[in-house]
Participant: 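Quick one: this structure, given as structure tokens, is what I'll be asking you about.
What's counted below: heavy atoms across the whole structure, side chains too, no hydrogens, waters or symmetry copies. Each chain gets a letter, A, B and so on, in the order the sequences are listed, and its residues count up from 1.
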Protein chains: 4
Amino acid sequence: MRPRDDKDPRIERSRGCVLEATGELLQELGYGPLTIEAVAARSGVAKSTIYRHWSGKAALVADAFSHLHDREAPAAPPPGPVRDRVVAVLQQLAIDMASHDRLACLIPALIDAAERSEEMAALAPQLVDERAQSLVDVLDDGVKTGDLRPDIDTRLLADALTGPLVLARLFHRPPIDPADIPAIVDQILPRTAGG
Amino acid sequence: MRPRDDKDPRIERSRGCVLEATGELLQELGYGPLTIEAVAARSGVAKSTIYRHWSGKAALVADAFSHLHDREAPAAPPPGPVRDRVVAVLQQLAIDMASHDRLACLIPALIDAAERSEEMAALAPQLVDERAQSLVDVLDDGVKTGDLRPDIDTRLLADALTGPLVLARLFHRPPIDPADIPAIVDQILPRTAGG
Amino acid sequence: MRPRDDKDPRIERSRGCVLEATGELLQELGYGPLTIEAVAARSGVAKSTIYRHWSGKAALVADAFSHLHDREAPAAPPPGPVRDRVVAVLQQLAIDMASHDRLACLIPALIDAAERSEEMAALAPQLVDERAQSLVDVLDDGVKTGDLRPDIDTRLLADALTGPLVLARLFHRPPIDPADIPAIVDQILPRTAGG
Amino acid sequence: MRPRDDKDPRIERSRGCVLEATGELLQELGYGPLTIEAVAARSGVAKSTIYRHWSGKAALVADAFSHLHDREAPAAPPPGPVRDRVVAVLQQLAIDMASHDRLACLIPALIDAAERSEEMAALAPQLVDERAQSLVDVLDDGVKTGDLRPDIDTRLLADALTGPLVLARLFHRPPIDPADIPAIVDQILPRTAGG
DNA sequence: GCTTAATCGAGACGGTACGTCGCGTCTTACG
DNA sequence: CGTAAGACGCGACGTACCGTCTCGATTAAGC
């Protein structure tokens, strides 16, 4: 349907080099000190070309994250009883949250950007909910199977479960050890066990 | 606080103006776009004077947060049964986060700042924990009175309770109506009777 | 002059604007109070662009002097007997020094600049000597024709002749009337016949 | 007659320290890089005190020169025949002109300042003429004794004689060796020998 | 294969903010 | 009082990146 998509392979090559370089620099410097000039220098792609493809640093970095994640196995949906599946999801979240080159380290910027811009305010819940949805899905499954009470608000419960992890990360409290997550789940989840 | 023999009142005056202006600008712009130049313009204090007192943006912002924090009266702990006290604390939190003149409404800026500056990363948990403590205290009381089971981690529970509120605020999901907070508490708060 | 393959015409345009503005400001302010900032404002060229082309104020001013020097047509040497030619040259000098749009009227700025910058210290004698040469040439001709004694140092004599004019101008003594120049020349210029 | 001149000895002590330090720094740095802050630091005298006594860098430096010269033997008026006395005066001038810590190195600043300020324009000839007068006096003596023709303009002649030295200095041409001065005098002076 | 138009690198441009330095003024406390 | 100490507002410094813009010099495409 789209008349001329991206026939020119140079576009894709440039994109690749830039995202590669951005990923490297993100790991080396983090988000704040990363500069478009540095990306241009490292990638050998001209600044003008970068701006031709991305609207700015935020867009570029967001894209670089996607690029990095595309190359990884998409988080496998864990099988088993609800409680174990919840634990698995949260453990994965804890790991992501601690890593330097994951979406997690963009979240602070995202939060602040959402505060100042209509666009970002609209985009933020979208991006976050996408990730959060997997947990809600697991909980919904639990409701369906009767492992969880039918009257619970699974969205709310998901936030209550992720809250401790996310808040610790955002406020730079000591990070939560994935090994402690079963205990956390057991404290919060059982309240909702089907009765 | 400290028995300084600051003879020259100009020092304290400058400090005050600058911290005031910094607080305002943090709210308007957030951490990233905040510039020392803008602080100087807004406060009427010369840039050189700002650098005379603070080593840079990070130190200034950290100080501004502390300053704002100091001037907020610690919310009086409400009386009554645990569940109602928790509800009251969370309702106050919901109100604070939506307001325009409280430290709580600077949380997005604080999160972003903590991500980019060592000083703020160290300060953030301090500021946040102090606020969070009131809820933990209420829960601890509940444990003492036997309204809550003795085996719970009150710190964790506090995060689970505030999580939904804070996350909704940060990610610009539809704001939570204070009227809904009792329902939220009832879903998450485990009471001795298990009901 | 140099066969540069400067494809981008903006470079030359910027250079021109900046040198123009620098010349103007040198005349108005002199070397000391001249500011790169002011040059940028006057020329409409960004400060960063100026620093892209020149290493600093000294280099810029040196270039501005060369630029002004290049555009001044070398005054045609007057014909006639030596004494009259000397008078003519000095009268032209007197006029130039009093004017507002000639390099000669920038001599005060040049002297000060030469005192404070290596570049200008190297350039100054170059600029000045080139102008002085025309008088030396006239005197050399006089020696050749026998109008002047062959044992004189024409360079020295040229300085002795211009000295009164230049010193009066520099030290703001009452200016010398061009009509008085013949008398001056007659006192200082040694002719073969001995006066 | 003056009611209370400077009874307070601290004033004189401060003045001394400052002038001392200024002299030292002038020799070390020259006029351009010399800073009032540096003078204050070196002398141990507060900046405010310096500004209480002098209007600025130029005035301070001028004063420092006077102070330095006051401690030296005032140039002895040379005896003997006119020609030798002229040579002696010019040789002293040549030496002064070459030294770093004499009035000579203020002259470029003086010239430029005179160009921009009424005050300085009035002051400049005064300061310079004071020094030039000794040569004019010598020449006037020569006229009186009949060694020089009575119809010469001694002021003009003095400028012609000093011109080569002064111009070489101001335009950073190679400095004139005092040993060459007799030859210079002999080329310019004889024209005016009494006939 | 031969244009021809898209895409590129290189980097100049006008800006904004940086953090520093020295200015000349002003304020306080001391002797 | 005059002073040392030093904070202050100010303005310029020279640098780093920003995001925009002109340039030829490759290409890859469709004629």
Participant: How do B:Leu34 and C:Val45 order along DNA chain E: which one's closest nucleotide is nearer the 5' end?
Facilitator: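 This one resolves to C:Val45.
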Participant: Quick one about B:Glu20 and B:His67 (side-chain donor to acceptor, distance below 3.5 Å, no hydrogens or angles considered), yes or no?
Facilitator: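 No.
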Participant: Does C:Leu103 reach the side chain of C:Leu110, with side-chain heavy atoms less than 4.5 Å apart?
Facilitator: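 When only atoms from C-beta onward are counted, C:Leu110 and C:Leu103 do not touch, as no gap falls below 4.5 Å.
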Participant: In whole angstroms, how far is the C1' atom of F:dA7 from the CH2 atom of B:Trp54?
Facilitator: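 Going from B:Trp54 (CH2) to F:dA7 (C1'), I get 13 Å.
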Participant: Measure the distance from CZ on C:Arg42 to P on F:dA12 and round it to the nearest whole Å.
Facilitator: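 In whole Å, F:dA12 P and C:Arg42 CZ are 14 Å from each other.
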Participant: Is A:Gly44 touching bases, backbone alone, or none of the nucleic acid, heavy atoms closer than 4.0 Å?
Facilitator: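 Sugar-phosphate, no base atom in range.
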Participant: Name the pairs: protein N/O against N/O of nucleotides 29-31 of chain E, kept only if under 3.5 Å.
Facilitator:
none

Participant: Sort and list the pairs that fulfil side-chain hydrogen bond (donor to acceptor under 3.5 Å, both in side chains) and have at least one residue in residues 29-38 of chain D, not counting sequence neighbours.
Facilitator: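 side-chain hydrogen bond (donor to acceptor under 3.5 Å, both in side chains) check on residues 29-38 of chain D returns D:Glu37-D:Lys47.
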Participant: Over how many whole Å does the gap from B:Ile50 atom CD1 to F:dG9 atom P extend?
Facilitator: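 Between P of F:dG9 and CD1 of B:Ile50: 9 Å.
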Participant: Whole-Å distance between F:dG14 P and C:Leu60 CG?
Facilitator: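 Nearest whole value for this atom pair: 11 Å.
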Participant: Does F:dA4 have OP1 or OP2 sitting under 4.0 Å from an N or O in the side chain of D:Thr49?
Facilitator: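 True: D:Thr49 side-chain N/O within range (under 4.0 Å) of F:dA4 OP1/OP2.
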Participant: To the nearest Å, give me how far apart CG (A:Leu29) and P (F:dC17) are.
Facilitator: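 My rounded result for the distance is 10 Å.
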Participant: Rounded to the nearest angstrom, tell me the gap between atom CZ in B:Arg13 and atom P in E:dT27.
Facilitator: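 Atom CZ in B:Arg13 sits about 12 Å away from atom P in E:dT27.
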Participant: Considering residues at least two apart in sequence or located in another chain, which fulfil the side-chain contact (heavy atoms from CB on, under 4.5 Å) criterion with B:Ala59?
Facilitator: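 With sequence neighbours excluded, B:Ala59 shows a side-chain contact (heavy atoms from CB on, under 4.5 Å) to B:Trp54, B:Ser55, B:Glu119, given in chain and number order.
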Participant: Measuring only between side-chain heavy atoms, which start at C-beta, is D:Glu115 closer than 4.5 Å to C:His172?
Facilitator: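 D:Glu115 vs C:His172: side chains touch.
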Participant: Does any donor-acceptor pair link the side chain of A:Lys47 with the base of E:dG9 at a separation under 3.5 Å?
Facilitator: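 Between E:dG9 and A:Lys47, which were checked side chain against base, a qualifying N/O pair under 3.5 Å is absent.
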Participant: For A:Glu12 and E:dA6, what is the distance between atoms CD and C1' respectively, to the nearest whole Å?
Facilitator: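 From A:Glu12 CD to E:dA6 C1': 16 Å.
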Participant: State which residues pass side-chain contact (heavy atoms from CB on, under 4.5 Å) with D:Ala46; sequence neighbours excluded, sorted by chain then number.
Facilitator: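 With neighbours one apart ignored, the set is D:Ser48, D:Thr49.
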Participant: Please examine the side chains of C:Leu170 and C:Ile111, heavy atoms only from C-beta on, and report whether any two atoms are closer than 4.5 Å.
Facilitator: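 They are in side-chain contact.
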Participant: Rounded off to whole Å, could you give me the OH-to-P distance for the A:Tyr51 and E:dG9 pair?
Facilitator: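 Going from A:Tyr51 (OH) to E:dG9 (P), I get 15 Å.
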Participant: Pairing donors with acceptors under 3.5 angstrom, does anything connect the side chains of C:Gln126 and C:His69?
Facilitator: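 Their side chains do not contain a donor-acceptor pair, so the 3.5 Å distance test is not met.
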Participant: What's the closest nucleotide to the side chain of A:Glu37 if the choices are F:dC17, F:dT15, E:dT28?
Facilitator: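 Looking only at side-chain atoms, A:Glu37 lies closest to F:dC17.
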Participant: Measuring from the side chain of B:Arg52 (C-beta onward, heavy atoms only), which nucleotide among E:dG19, E:dC8, F:dC10 has the closest atom?
Facilitator: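 It is F:dC10.
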Participant: Look at D:His53 and F:dG2 and indicate whether a side-chain polar atom (N or O) is within less than 4.0 Å of OP1 or OP2.
Facilitator: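 Negative; the distance criterion is not met.
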Participant: Could you tell me if the side chain of B:His53 sits less than 4.5 Å from the side chain of B:Ile11, heavy atoms only?
Facilitator: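 Yes, at least one pair of side-chain atoms sits under 4.5 Å.
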Participant: Strictly by salt bridge (charged side-chain N to carboxylate O under 4.0 Å, His left out), give each pair with a member in residues 48-64 of chain C just once, sequence neighbours left out.
Facilitator: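 Every pair satisfying salt bridge (charged side-chain N to carboxylate O under 4.0 Å, His left out) with a residue in residues 48-64 of chain C: C:Arg15-C:Asp63.
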Participant: Axis-to-axis angle across the helix from E:dT4-F:dA28 to E:dG31-F:dC1, five pairs an end, to 10 degrees?
Facilitator: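 One end axis against the other gives 10°.
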Participant: Check whether the side chain of C:Ser48 and the base of E:dG15 form a donor-acceptor pair under 3.5 Å.
Facilitator: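 A donor-acceptor contact between them is present.
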Participant: Any idea which of E:dA12, F:dG9, F:dG19 is nearest the B:Ala46 side chain?
Facilitator: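 When the side chain of B:Ala46 is considered, F:dG9 is the closest of E:dA12, F:dG9, F:dG19.
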